[in-house]
Number of protein chains: 2
Amino acid sequence: MPESSNSPPKSNSKKMRRQEAEALILSAAEKVFSEAGFGGATMQLIADVAGLPKANLHYYFPTKESLYRQVVQKIFLDWLKAADVFDHADGPAEGIGAYIDAKMEISRRHPEGSKVWASEVMHGAPVIQDYLETTLKEWTDGRIAVIERWIAEGRMDAIDPRHLLYMLWATTQHYADFGHQIATLNGSTELTDAQWQEAKENIKRIISRGIGARD
Amino acid sequence: MPESSNSPPKSNSKKMRRQEAEALILSAAEKVFSEAGFGGATMQLIADVAGLPKANLHYYFPTKESLYRQVVQKIFLDWLKAADVFDHADGPAEGIGAYIDAKMEISRRHPEGSKVWASEVMHGAPVIQDYLETTLKEWTDGRIAVIERWIAEGRMDAIDPRHLLYMLWATTQHYADFGHQIATLNGSTELTDAQWQEAKENIKRIISRGIGARD
DNA sequence: TCTGAACTTGACCATACGGTCAGGATGATC
DNA sequence: GATCATCCTGACCGTATGGTCAAGTTCAGA
């Protein structure tokens, strides 16, 4: 219901509402942080991308770090939400397949978020360590229980659920985080619709057969 | 033959040889760049880690960017070299298995390098774009040819070689790049020898079965 | 012992950065 | 149209950064 409009943020009208301004800044910040990293990003550049004076950013977000924290939190929540498909499935091929589709769609539509997350974790998660230890751990444990149930029911081979999850994350996020490398190897062209489809099918096929899924 | 010594770089003796000093600086730089990213790293911190005055770094490496470039180049060459195991194999299970072992060993022993590479690519490869377009492309094309031969010989299913390679890179490098997240989910403990072994076995098993390898 | 090239370094500089602030603009409410 | 909380912003500040430099130090070879 409170969905923000998708129109280009070109509005020159003064007096934005708080929610609107924060969304605009967060969007610009996500792009800049993903392109330059936390250390390489500057408040001035984020302001330029958002089309606002730098001082205005500090009105909504007191510090660079607080802005960054909110960017990462937003990404994490979107990412967790999209993972629910895992549960509404009967067996591993269906559940994991749907999860791969969902995560590949995120990699395609929101690669910036994936890159910011990767950068944050690679640098030791200084800002979202607590999320890793609480929310992510709980989510992971829940999914591990589902996979163990599938194994117990003979619906797939006895694969270590942890390493399977890491493989799913790694493979799907790779298409966002290393999208530039993939595009370069693709003749310096972004993947087409068909190539994204191929990628998804390949991943689903290899993993589904690899774990001996038999829903 | 011209292998540098493995002794701790604590030497206080003056007048290092050029090779020795450069190796010391490159090692410190790799660590700092991997922890902070290019933008977040400072020459002062690299100097502190190397145990040298900052001005000395600029004697060997004129600019921060030139130092960074050499760090990335060194990583890339090590990484390519370790990939030769791919060719000296009879079939996919053996070749890909050996490649997974080699890359996992790199992820375990030199996670810093993997992180620097990931960071560079994620930010659009501003420094090593030419490597992607030439050396990496050639290496990739060579490996694709090998995989296509295996497929033609009926030694594995008809999987798109590109996406298979991306999956191998993604999965193995994930253990370096996201090592902090993995350790956190592992009860805030680094993976043990046995857990690394499990990880390798899981990956090899899933992919080997997933592509229908029959050496 | 002398020479000179290679190396080392403390002090310094210009710039760019994150962040502050005072004062102005806006618009909903009465 | 007066009030006032919210929002906006140009100008400014202290600091930290990448990089420079000139004055040293070291040591192999003559």
Side-chain angles (χ1 to χ4, degrees), chain A residues 4 9-33 35-72 116 119-120 123 126-127, chain B residues 4 9-33 35-72 116 119-120 123 126-127:
Chain A
S4 69
K10 284 287 173 186
S11 165
N12 284 332
S13 70
K14 310 276 174 160
K15 280 276 183 167
M16 296 179 188
R17 311 195 162 280
R18 182 163 209 110
Q19 193 183 347
E20 203 178 332
E22 288 182 352
L24 173 62
I25 294 168
L26 284 170
S27 168
E30 182 175 306
K31 180 181 289 185
V32 173
F33 281 133
E35 284 170 1
F38 178 80
T42 69
M43 293 298 273
Q44 185 60 62
L45 184 53
I46 295 171
D48 291 347
V49 170
L52 297 173
K54 191 184 66 160
N56 205 350
L57 267 61
H58 282 99
Y59 176 76
Y60 290 102
F61 302 91
T63 65
K64 182 185 180 184
E65 194 178 310
S66 72
L67 173 55
Y68 176 74
R69 178 175 288 116
Q70 292 216 23
V71 168
V72 176
V116 174
S119 213
E120 165 69 7
H123 299 345
V127 165
Chain B
S4 67
K10 282 287 174 187
S11 164
N12 284 331
S13 70
K14 310 275 174 160
K15 278 279 183 164
M16 293 180 188
R17 309 193 164 282
R18 181 159 209 114
Q19 195 182 344
E20 204 178 332
E22 287 183 350
L24 173 62
I25 294 168
L26 284 171
S27 168
E30 181 175 307
K31 181 181 289 184
V32 173
F33 281 132
E35 285 170 0
F38 177 80
T42 69
M43 293 299 272
Q44 186 61 61
L45 184 54
I46 295 171
D48 291 347
V49 170
L52 297 173
K54 190 185 67 162
N56 205 350
L57 266 62
H58 281 100
Y59 176 75
Y60 290 103
F61 302 92
T63 66
K64 182 186 180 184
E65 194 179 310
S66 71
L67 172 56
Y68 175 74
R69 179 176 287 117
Q70 292 215 23
V71 169
V72 176
V116 174
S119 214
E120 165 69 8
H123 299 148
V127 166

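Residue numbering restarts at 1 for every chain, and letters A, B, ... go by the order of the sequence lines. Nothing here was measured: the structure is a model prediction, and the numbers come from that model.
A:E22 has a carboxylate O that lies under 4.0 Å from a charged side-chain N of A:R18, or vice versa, which qualifies the two as a salt bridge.
Regarding A:I25, its CD1 atom lies at a distance of 11 Å from the C1' atom of D:dC7, rounded to whole Å. Taking atom CG of residue A:N56 and atom C1' of nucleotide C:dT20, one finds them 14 Å apart after rounding to whole Å. Taking atom OH on B:Y59 and atom P on C:dT9, their separation rounds to 12 Å, with Å as the unit. The interatomic distance linking A:E22 (CD) with D:dT6 (C1') rounds to 13 Å, in whole Å. Straight-line distance from the CD atom of B:E65 to the P atom of D:dT17: 19 Å, rounded to whole Å. Atoms OH (A:Y60) and P (D:dT6) sit 12 Å apart, rounded to a whole Å. Rounded to whole angstrom, the span from the CZ atom of B:R69 across to the C1' atom of D:dG18 amounts to 16 Å. Whole-Å rounding puts the A:Q19 CD to D:dT6 C1' distance at 16 Å.
A:K64 NZ: more than 12 foreign heavy atoms inside a 6.0 Å radius.
B:L26 places a side-chain heavy atom less than 4.5 Å from the side chain of B:L67.
Of the listed nucleotides (C:dC21, C:dT8, D:dC7), C:dC21 has the atom at the smallest distance from the side chain of A:A55.
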Protein-to-nucleotide contact annotation, 5' to 3' order, nucleotides 13-18 of chain C [B base; S sugar-phosphate only; - none; under 4.0 Å, heavy atom]: ----SB

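Between the OH atom of A:Y68 and the CD1 atom of A:I46 there is a distance of 11.0 Å, given to the nearest 0.5 Å. Note: B:F61 CZ to B:N56 CG = 10.5 Å, rounded to the nearest 0.5 Å.
The two residues B:A29 and B:V71 come nearest to each other via the heavy atoms CB-CG2, 3.8 Å.
Applying the 4.0 Å criterion to OP1 and OP2 of C:dC7, one finds that B:R18 has a side-chain N or O inside that range.
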